[in-house]
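These numbers come from the heavy atoms of this one structure, side chains and all, not from hydrogens, waters or symmetry mates. Numbered from 1 within each chain, the chains take letters A, B, ... in sequence-line order.
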Amino acid sequence: MKIATWNINSLRLRLPLLKELINETQADVICLQETKVPDPLFPFEDIIKLGYPHYYFKGMKSYNGVAIISKHELIHVADTPDWCGRLDCRHIAAQLKTASGPITIHNFYVPAGGDIPDAETNPKFAHKLAFIEEATAWFEKNQPKRSILVGDLNTAPLEHDVWSHKQLLKVVCHTPPETERHNQWEKQGFLDAMRLIYPEPQKLYTWWSYRNRDWKKSNRGRRLDHIWISNDLKENLQAIEILAHARDWAPPSDHVPVIAELTL
DNA sequence: ATGGTCGTCTAACGA
């Protein structure tokens with residue numbers, strides 16, 4: 001079973017690239033973030049034509065938005081929290097039917113946190129920290145079993161998840177208040193699947209800024225997108241693929257897809 | 001040290 005996660009940065013604009021992802025990977029399940037499409041405008045007919053007749057989505061105008069599309073039957077998981085009480089479409093969950101039984105899939109789009117890493121003066125940073133704390137508390141109470149958590153978590157937790165650990169320690173996404181909370185969240189029953197396959201000190205990036213003239217040449221990347229598996233799925237993990245060349249698809253998202261393969 | 005670029009009900013906001 002192949003499960004992909006991708007911050008697509010507008011589903012409607014990049015539908016042709018979603019097709020490209022499908023052609024290349026034949027992923028069974030694709031979790032999308034920043035779909036930027038209100039629910040009444042979700043392009044479900046296109047998604048069905050692409051071979052994904054099972055889907056759940058939660059979107060709004062202009063901002064945020066998440067979707068799970070699947071070749072196999074999904075059951076919606078409805079009783080999930082409204083994080084930070086904002087109704088802002090940053091999480092959706094579904095149960096995937098597999099030969100070995102149901103698997104719960106969580107798809108998250110964690111707040112980016114703004115520019116200044118100070119919760120006192122920057123409400124966006126405070127929101128990010130509060131969001132991660134709420135998620136940590138929820139999974140502490142609801143210990144994940146046969147679960148996969150994916151998404152744009154907007155934190156690069158490890159030294160080799162950024163192009164320069166030293167230079168990014170004061171940059172939002174890699175500051176200690178974020179990485180400590182991120183790691184505490186992961187510890188609520190999850191394993192970092194990407195690092196199980198590609199341990200440190202290998203550099204791993206899933207995002208390259210639009211603001212670099214040549215993303216490949218400067219290679220100032222960050223690992224902001226993640227795939228976590230619950231502890232009980234450790235032996236099921238077969239492979240991880242980071243589709244770095246997708247950064248050159250036109251018009252590119254600033255994030256690239258990550259795909260996990262599991263025997264399920 | 002600064003500014004650099006995208007996407008969105010084309011305007012300023014969020015990333």
J.: Are Lys187(A) and Asp192(A) close enough for a salt bridge, meaning some N to O gap below 4.0 Å?
T.: no

J.: Can Lys216(A) and Asp248(A) be counted as an ion pair, charged N to O under 4.0 angstrom?
T.: yes

J.: Run the ring-ring contact (aromatic ring centres under 6.0 Å, His included) check on Phe57(A) and Phe44(A) step by step: do they pass?
T.: CA-CA 10 Å; Phe57(A) 49 82; Phe44(A) 63 89; 7.6 Å; no

J.: What residue among Gln33(A), Arg90(A), Lys58(A) forms side chain to side chain donor-acceptor pair (under 3.5 Å) with Asn107(A)?
T.: Gln33(A)

J.: Measuring only the C1' atom in each nucleotide, how far is dA15(B) from dG3(B)? A whole number of Å is fine.
T.: 16 Å

J.: How would you label the contact of Arg247(A) with the nucleic acid (heavy atoms, under 4.0 Å): base, sugar-phosphate, or nothing?
T.: nothing

J.: When the C1' atoms of dG7(B) and dA11(B) are compared, how many Å lie between them, rounded to an integer?
T.: 12 Å

J.: Quick one: Asn122(A) CG to dA15(B) P, roughly how many Å, whole number?
T.: 10 Å

J.: Calculate the interatomic distance between Asp248(A) atom CG and dC6(B) atom C1'; express it in whole Å.
T.: 16 Å

J.: Give the rounded distance in Å between these two atoms: CG of Asn7(A) and P of dT5(B).
T.: 20 Å

J.: Should Lys124(A) be listed as having a side-chain N or O under 4.0 Å from OP1 or OP2 of dG14(B)?
T.: yes

J.: Rounded to the nearest Å, what distance is computed from the OH atom of residue Tyr63(A) to the C1' atom of nucleotide dA15(B)?
T.: 10 Å

J.: Sticking with atom C1', work out how far dG14(B) lies from dT10(B), rounded to a whole angstrom.
T.: 16 Å

J.: Looking at Arg12(A), does any N or O in its side chain come under 4.0 Å of the phosphate oxygens OP1/OP2 on dC9(B)?
T.: yes

J.: Is the shortest distance from a Lys or Arg side-chain nitrogen in Lys97(A) or Glu73(A) to a carboxylate oxygen in the other one below 4.0 Å?
T.: yes

J.: Quick one: which of dG7(B), dC9(B), dG4(B) gets closest to the side chain of Arg211(A)?
T.: dG4(B)

J.: Using side-chain contact (heavy atoms from CB on, under 4.5 Å) as the criterion, point out the one residue from His165(A), Met194(A), His174(A), Arg195(A) that pairs with Leu158(A).
T.: Arg195(A)

J.: Quick check on DNA chain B: between Asn154(A) and Lys61(A), whose nearest nucleotide comes earlier from the 5' end?
T.: Lys61(A)

J.: Between atom CD in Gln167(A) and atom C1' in dA1(B), what is the gap in whole Å?
T.: 13 Å

J.: Could you tell me the separation between the CH2 atom of Trp207(A) and the C1' atom of dC6(B), rounded to a whole number of Å?
T.: 11 Å

J.: Counting only non-hydrogen atoms, which of residues 108-117 of chain A are less than 4.0 Å from DNA chain B?
T.: Tyr109(A), Ala112(A)

J.: Grab the CG-C1' distance between Asp88(A) and dA15(B) for me, whole Å please.
T.: 14 Å

J.: For a ring-ring contact (aromatic ring centres under 6.0 Å, His included) check, start with the C-alpha distance between Trp215(A) and His245(A), then their side-chain angles and the critical distance, and finish with the verdict.
T.: CA-CA 11 Å; Trp215(A) 71 274; His245(A) 67 269; 9.8 Å; no

J.: Does Phe108(A) have its ring centroid less than 6.0 Å away from the ring centroid of Trp83(A)?
T.: yes

J.: Does Ser62(A) have a side-chain nitrogen or oxygen under 4.0 Å from the phosphate oxygens OP1 or OP2 of dC9(B)?
T.: yes

J.: Check whether any side-chain nitrogen or oxygen of Arg213(A) sits under 4.0 Å from OP1 or OP2 of dT5(B), and answer yes or no.
T.: no

J.: Closest approach to the side chain of Lys36(A), judged atom by atom: which nucleotide of dC6(B), dT8(B), dC9(B) is it?
T.: dT8(B)

J.: Between dC13(B) and dC9(B), how many Å separate the two C1' atoms, rounded to a whole number?
T.: 14 Å

J.: Just how far, in rounded Å, is C1' of dG7(B) from CG of Asn64(A)?
T.: 13 Å

